[in-house]
Every structure is written in C-alpha cells, then in structure tokens.
Number of protein chains: 2
Amino acid sequence: MSRASEQAYATIRAHLVSGAVSPNEQLTEDQLAQIAGVSRTPVRDAVRRLEDELLLVRSDTKRLFVADWSRDDIEEMFALRQMLECHAAERAAQRLSRAQIADLETVNRTLKEAIEQPAPDVARFLEANRAFHDVIIDAADSPRLAQMLAKLVEAPVVLRTARNYSLDDLRQSARDHDELIAAFAASDADWARAVMGSHLRRAFHTFARAVGPAEAQKP
Amino acid sequence: MSRASEQAYATIRAHLVSGAVSPNEQLTEDQLAQIAGVSRTPVRDAVRRLEDELLLVRSDTKRLFVADWSRDDIEEMFALRQMLECHAAERAAQRLSRAQIADLETVNRTLKEAIEQPAPDVARFLEANRAFHDVIIDAADSPRLAQMLAKLVEAPVVLRTARNYSLDDLRQSARDHDELIAAFAASDADWARAVMGSHLRRAFHTFARAVGPAEAQKP
DNA sequence: ATGAAAGTTATTGTATACAAAACGCGCTCG
DNA sequence: CGAGCGCGTTTTGTATACAATAACTTTCAT
C-alpha cells in the first residue's frame with residue numbers, strides 16, 4: 001500500500017489496540033486523520049480495512065464506532081480459525097516441498113531459542129510462531145483461504161490481553177510444531193490436520209483462561 | 001452504501017461479469033469512472049470491494065487487471081464454501097427458531113414452484129435458493145462466517161456459465177432442502193452437516209460438468 | 001545493434017473544497 | 001407533557017486538482 005494510506009492504517013490500528021479508545025466509542029474520519037497526520041482520503045482507505053477486520057463497525061447510518069468484541073466473538077473466531085487452518089494443514093501436507101519443511105524446522109528452532117532463555121522472549125516467540133503458520137498457509141496454496149485466515153490470526157493479538165503464557169504453554173506449542181513437521185515429512189494429511197486441531201484448540205483454552213472464564217457479558 | 005459508490009460497484013461488476021472484458025486485461029480507474037458515470041473517488045471504493053471478491057487483481061505496482069480464474073480457483077472456492085457452509089448448517093441446527101424453519105419451508109415451496117413450470121424459471125430458482133441458504137447462514141449467528149460465505153457464494157454466479165442445470169438437478173436440490181429442513185426440525189446438527197455436504201458437493205459436480213471437464217488450463 | 005539513462009506520458013495516490021446526509025436541539029402544537 | 005417538525009451543526013460522500021510513481025519512448029554512448 002501507499003505511504004499515507006499504510007501509515008494511517010498502522011497508526012489507527014495501534015491506536016485502537018492500545019486501548020486509548022473504548023468499545024462503542026464514536027470516531028470521526030477527521031479525528032483519525034489528525035491522529036494519523038494525513039488527510040481523510042487515505043484514512044477512509046484505512047478505515048475500510050479496519051472495518052473488514054471488524055475492529056471498527058459502522059452504524060446503520062455510516063457513523064464509525066470502535067468495535068466491541070464479546071466472548072462469543074472470540075470463540076467464533078477461534079472456531080473459524082481452527083476449521084480453516086486444519087484445512088490448510090491438510091493441504092499443506094500434500095504440497096510442502098523439502099525446502100519448505102526445512103524452513104519450518106529452522107523457524108521452530110528459532111522459536112525454541114526464544115523460549116529457552118532466562119526470561120522467555122515472548123515477542124520473538126510470537127513472531128516465529130507466526131512465521132511457522134505462514135509457511136503452512138502459503139504451502140496450502142489457496143489464496144482465499146489465506147485471505148480469510150489473515151483476518152482471524154491477527155485477532156488475538158488485538159486484544160490487549162496480558163500475554164501470560166506459561167512456560168509450559170510455550171513448550172507445548174513447540175512440541176506441536178515438531179509433530180506437525182513430522183506429519184508433513186510423512187505427507188500424512190490426516191495426521192497434520194489432527195495435530196493442528198489440537199494445537200489450536202489448546203491455544204484457545206490458554207487464551208480463554210488468560211482473558212478470563214466465561215463471565216456474564218455486558219448488561 | 002452511498003449512491004455513487006454503490007452505483008459504481010454494481011455497474012463495474014456487471015461489466016466484468018458480462019464478459020465485455022477479458023481476463024488479464026488492464027483497467028484504469030478513469031475508464032471505470034467513465035463507465036460508471038461517477039468520479040474516481042467512489043470508483044476506488046468499488047474497486048476495493050471487487051478486489052476483495054477477487055474479481056479484480058492488482059499488479060505488484062498497483063495497476064488493475066481483470067482477474068483470471070482457473071479451474072483450481074473454482075475448486076478452491078467450492079471446497080471452502082462447503083467447509084464453511086457445513087459448519088453453518090451445524091450451528092443453524094442448534095439455533096433455528098420454529099419461525100425460521102417455517103420460513104425455510106415457505107422459501108422451498110417457492111423454489112419448487114419455480115421448477116415445476118412448463119419452462120423452469122431458473123432466475124426465480126436461484127433467487128429462492130439463495131434466500132434458503134441465507135436463512136441458514138443468518139441463523140448460524142456468526143458474522144465472520146457470514147462475511148466469508150458472502151464472497152464465496154457470489155462466485156459461481158460470476159462465471160458466465162451457461163445455466164444448463166437439468167430438471168433433475170433442480171429437483172434434487174429441492175429434495176436436499178427438504179431433508180435439511182427435516183434435520184433442522186430434529187435439531188440434528190450432524191444430519192444437517194451431512195446433508196449440506198452432499199448438497200454442495202453435488203452442486204460442485206453439476207457446475208464442473210457445465211463449465212467443462214478438467215481441461216489442461218492455460219499454457 | 002544494444003543497453004542504459006533521461007525525459008515523456010499514463011496511472012495511481014493524496015489533499016482539499018464542496019455536496020449530501022444524519023444528528024441534536026429547541027420549538028410548536030396537540 | 002410529549003411527539004413531531006425545522007434548522008443549524010456535524011459527519012460522511014463525491015468531485016476535482018495536483019503530487020508521486022510507474023510505464024513507455026527516445027536518445028545517445030559503446
């Protein structure tokens with residue numbers, strides 16, 4: 001994307017994720033333009049993307065509001081992600097080249113290094129984790145699938161959730177990745193799907209635990 | 001959406017679907033603005049939507065081209081649709097109200113009427129078919145799922161494929177719908193999923209037959 | 001002839017001014 | 001007292017002019 005438009009997107013997104021605004025708060029394009037330091041034109045571009053990600057929503061009369069994600073929303077997104085990414089794993093198992101499998105191994109080595117530190121480097125872990133999943137999605141060779149997943153994968157990051165992953169959680173992830181690699185090496189689509197399924201389902205529960213158990217949501 | 005922007009979207013989409021342009025042909029925003037009779041601003045809006053639907057694609061340097069869908073693309077979309085819509089059927093089975101089930105029955109009655117004519121009214125069939133699936137997707141109560149499906153469901157319509165559905169195809173669809181309704185009435189999610197799966201899979205083969213068997217695609 | 005560099009044209013991106021639509025508020029009239 | 005109606009204000013939508021970038025063409029050196 002072009003400079004101003006990309007700038008607007010990044011700035012606004014950061015602004016939303018930072019928690020500087022509260023759910024259901026109204027925003028105007030002018031405000032956002034000021035925040036991003038560009039004119040309304042690229043802001044409107046950015047807003048459309050953020051609407052697509054459901055970080056912003058529009059009232060029936062086109063006014064902009066900060067989205068309010070309920071626990072149901074989060075569960076929905078995890079469910080969809082699981083469904084799609086299991087499919088991706090299945091396809092990837094039938095398509096991954098040797099080189100790509102080697103890439104996965106390298107990435108997962110990096111991921112383990114990020115964990116096994118005096119203090120685990122969570123940012124690096126997340127980055128490697130993302131790279132790992134990206135290789136798989138890429139290998140699945142399904143542009144629409146990739147497009148859909150891109151939206152869903154970003155989501156958890158969005159919630160300013162304490163990243164209180166335990167060391168065990170991180171290590172289990174790494175082991176899941178190892179098993180995925182094994183499944184890929186064996187070109188066993190069923191195996192890959194199953195491992196991906198449990199990998200993501202566990203991630204959901206870890207996440208749900210962190211974000212708080214199913215509370216009664218908003219009055 | 002606002003008037004000009006919606007106008008642009010509809011006009012350009014019709015233009016693309018009509019076959020007046022060929023795949024990989026370059027388009028400029030100016031051309032499209034002229035065609036739609038509005039300025040470039042709303043055209044850019046429309047173009048983004050069409051990009052999202054993958055009817056238009058951009059080169060690495062932002063130039064616009066008519067998308068070229070391969071058979072693989074079509075298979076991909078059917079596979080994704082099947083996955084998502086089976087999920088929708090499952091959720092719908094747990095959520096549909098009596099009133100909604102009654103709606104499904106009404107819609108399917110309309111659908112049958114459209115078939116059982118001297119000459120089957122395909123347009124009306126398609127409309128009813130769409131309404132039927134929309135009720136289910138709506139009942140699934142998953143906005144992101146709905147959003148994803150919206151893109152995929154439009155797709156087959158896009159291809160200027162001869163709608164040479166046979167009478168048998170149409171009748172089988174109606175029967176599938178009846179069975180779906182039965183599954184919903186019984187609140188049997190597994191049943192609903194299974195019926196939806198075969199319903200869509202058959203549709204794929206009907207479609208594939210119509211569009212021509214797996215040929216060697218472009219050189 | 002060939003390929004690189006500079007200049008020219010075509011195309012997309014951004015800012016700004018204005019138009020249209022929605023909102024809020026006070027007012028009137030029942 | 002309250003529901004509906006104008007009217008000024010706010011907010012979004014559109015057109016247009018201009019800036020930036022990419023594609024194309026010509027020229028010139030080798």
Side-chain angles (χ1 to χ4, degrees), chain A residues 1-18 20-68 143 147 150, chain B residues 1-18 20-68 143 147 150:
Chain A
M1 273 282 152
S2 51
R3 207 185 134 284
S5 154
E6 193 63 22
Q7 154 88 6
Y9 172 77
T11 309
I12 296 170
R13 188 176 217 284
H15 191 247
L16 295 176
V17 173
S18 78
V21 292
S22 20
N24 293 324
E25 186 176 333
Q26 182 174 1
L27 297 173
T28 69
E29 295 176 355
D30 263 324
Q31 285 172 35
L32 296 175
Q34 281 199 312
I35 290 172
V38 298
S39 87
R40 271 179 56 214
T41 311
V43 163
R44 295 187 103 239
D45 247 43
V47 164
R48 295 186 61 108
R49 286 171 69 183
L50 293 164
E51 273 184 86
D52 198 52
E53 293 179 20
L54 297 180
L55 265 78
L56 294 175
V57 295
R58 270 185 198 278
S59 74
D60 45 354
T61 68
K62 313 296 177 182
R63 267 146 177 81
L64 264 186
F65 297 88
V66 180
D68 181 18
Q147 192 184 12
Chain B
M1 271 280 153
S2 49
R3 208 185 129 281
S5 153
E6 193 63 23
Q7 155 87 7
Y9 171 77
T11 310
I12 296 169
R13 187 176 216 286
H15 191 246
L16 294 176
V17 174
S18 78
V21 292
S22 19
N24 294 323
E25 185 176 334
Q26 182 174 0
L27 297 173
T28 70
E29 295 176 354
D30 263 324
Q31 285 173 36
L32 296 175
Q34 282 201 311
I35 291 171
V38 298
S39 87
R40 270 179 57 214
T41 309
V43 164
R44 295 187 103 236
D45 247 44
V47 164
R48 302 195 76 109
R49 287 170 69 183
L50 294 164
E51 274 183 85
D52 197 53
E53 293 179 20
L54 297 181
L55 265 76
L56 294 175
V57 294
R58 270 184 198 279
S59 74
D60 46 353
T61 69
K62 316 293 177 180
R63 269 150 177 76
L64 265 184
F65 297 87
V66 180
D68 181 18
Q147 192 185 11

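Basis for what follows: all heavy atoms, side chains included, without hydrogens, waters or symmetry-related copies. Below, chains carry the letters A, B, ... as their sequence lines are ordered, and counting in each starts from 1.
Comparing dC23(C), dT16(D), dT12(C) by their closest approach to the side chain of Thr41(B) singles out dT16(D). Closest to the side chain of Lys62(A), from the set dG13(D), dA15(D), dT12(C), is dG13(D). Distances from the side chain of Ser39(B) to the nucleotides dA15(D), dT12(D), dT12(C) place dA15(D) closest. Listed nucleotides: dT12(C), dG13(D), dA22(D). Nearest to the side chain of Arg44(B): dT12(C). For Val38(A), taking side-chain heavy atoms from C-beta onward, the closest of the listed nucleotides dA15(C), dT14(D), dG13(D) is dA15(C). Listed nucleotides dT11(D), dA22(D), dG13(C) differ in distance to Arg63(A); the shortest reach to its side chain belongs to dT11(D).
Between dT21(D) and Thr61(B), no contact under 4.0 Å exists linking OP1 or OP2 to a side-chain N or O. For the OP1/OP2 pair of dT21(D) and a distance below 4.0 Å, the side-chain nitrogens and oxygens of Ser2(A) include no atom meeting the criterion.
Contact check for Arg3(B) versus Val38(B): no side-chain heavy atoms found under the 4.5 Å cut-off.
Looking at Glu51(B) and Arg44(B), no side-chain N of the basic residue comes within less than 4.0 Å of a carboxylate O on the acidic one, giving no salt bridge. Look at Arg48(B) and Glu29(B) and you find no salt bridge, because none of the NZ, NE, NH1 or NH2 atoms lies under 4.0 Å from a carboxylate O.
A straight line from CD of Glu29(A) to C1' of dT11(D) spans 8 Å, rounded to a whole angstrom. In this structure, Asp30(B) atom CG and dA17(D) atom C1' are separated by 13 Å, rounded to whole Å. Taking atom CD of residue Gln34(B) and atom C1' of nucleotide dT16(D), one finds them 15 Å apart after rounding to whole Å. The separation between Gln26(B) atom CD and dC24(D) atom C1' is 12 Å, rounded to whole Å. Rounded to an integer number of Å, the gap from Asp60(A) CG to dA21(C) P is 16 Å. One atom, CZ of Arg40(A), and another, C1' of dG13(D), lie 7 Å apart when rounded to the nearest Å. Atom CG in Leu64(B) sits about 14 Å away from atom C1' in dA22(D), given to the nearest Å. Separating the CG atom of Asp45(A) from the P atom of dA15(C) is a distance of 11 Å, rounded to the nearest angstrom.
For Ser5(A) and Ser59(A), each mapped to the nucleotide of DNA chain C holding its nearest heavy atom, the one lying further toward the 5' end belongs to Ser5(A). Comparing Ala4(B) and Gln31(A) by the nucleotide of DNA chain D whose heavy atom lies nearest to each, the residue mapping closer to the 5' end is Gln31(A).
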Discussion item. I'd like to know whether Gln147(B) forms a side chain to side chain contact (heavy atoms under 4.5 Å, CB included) with Asp52(A), so could you lay out the CA-CA distance, the side-chain angles of the two residues, the decisive distance to 0.1 Å, and finally the verdict.
Written reply: CA-CA 9 Å; Gln147(B) 192 185 11; Asp52(A) 198 52; 3.2 Å; yes
Worksheet entry | Pair Val47(B)-Leu27(B), side chain to side chain contact (heavy atoms under 4.5 Å, CB included): steps then yes or no | CA-CA 11 Å; Val47(B) 164; Leu27(B) 297 173; over 6 Å; no
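Counting any heavy atom pair closer than 4.0 Å across all strands shown, Leu27(B) reaches sugar-phosphate atoms only and no base atom. Nucleic acid contact class of Thr28(A) (heavy atoms, under 4.0 Å, all strands): sugar-phosphate only. Arg3(B) comes within 4.0 angstrom of sugar-phosphate atoms only, judged by non-hydrogen atoms across all strands, and of no base.
In the displayed structure, Gln34(B) atom CD is contacted under 6.0 Å by at most 12 heavy atoms of other residues, nucleotides or ligands.
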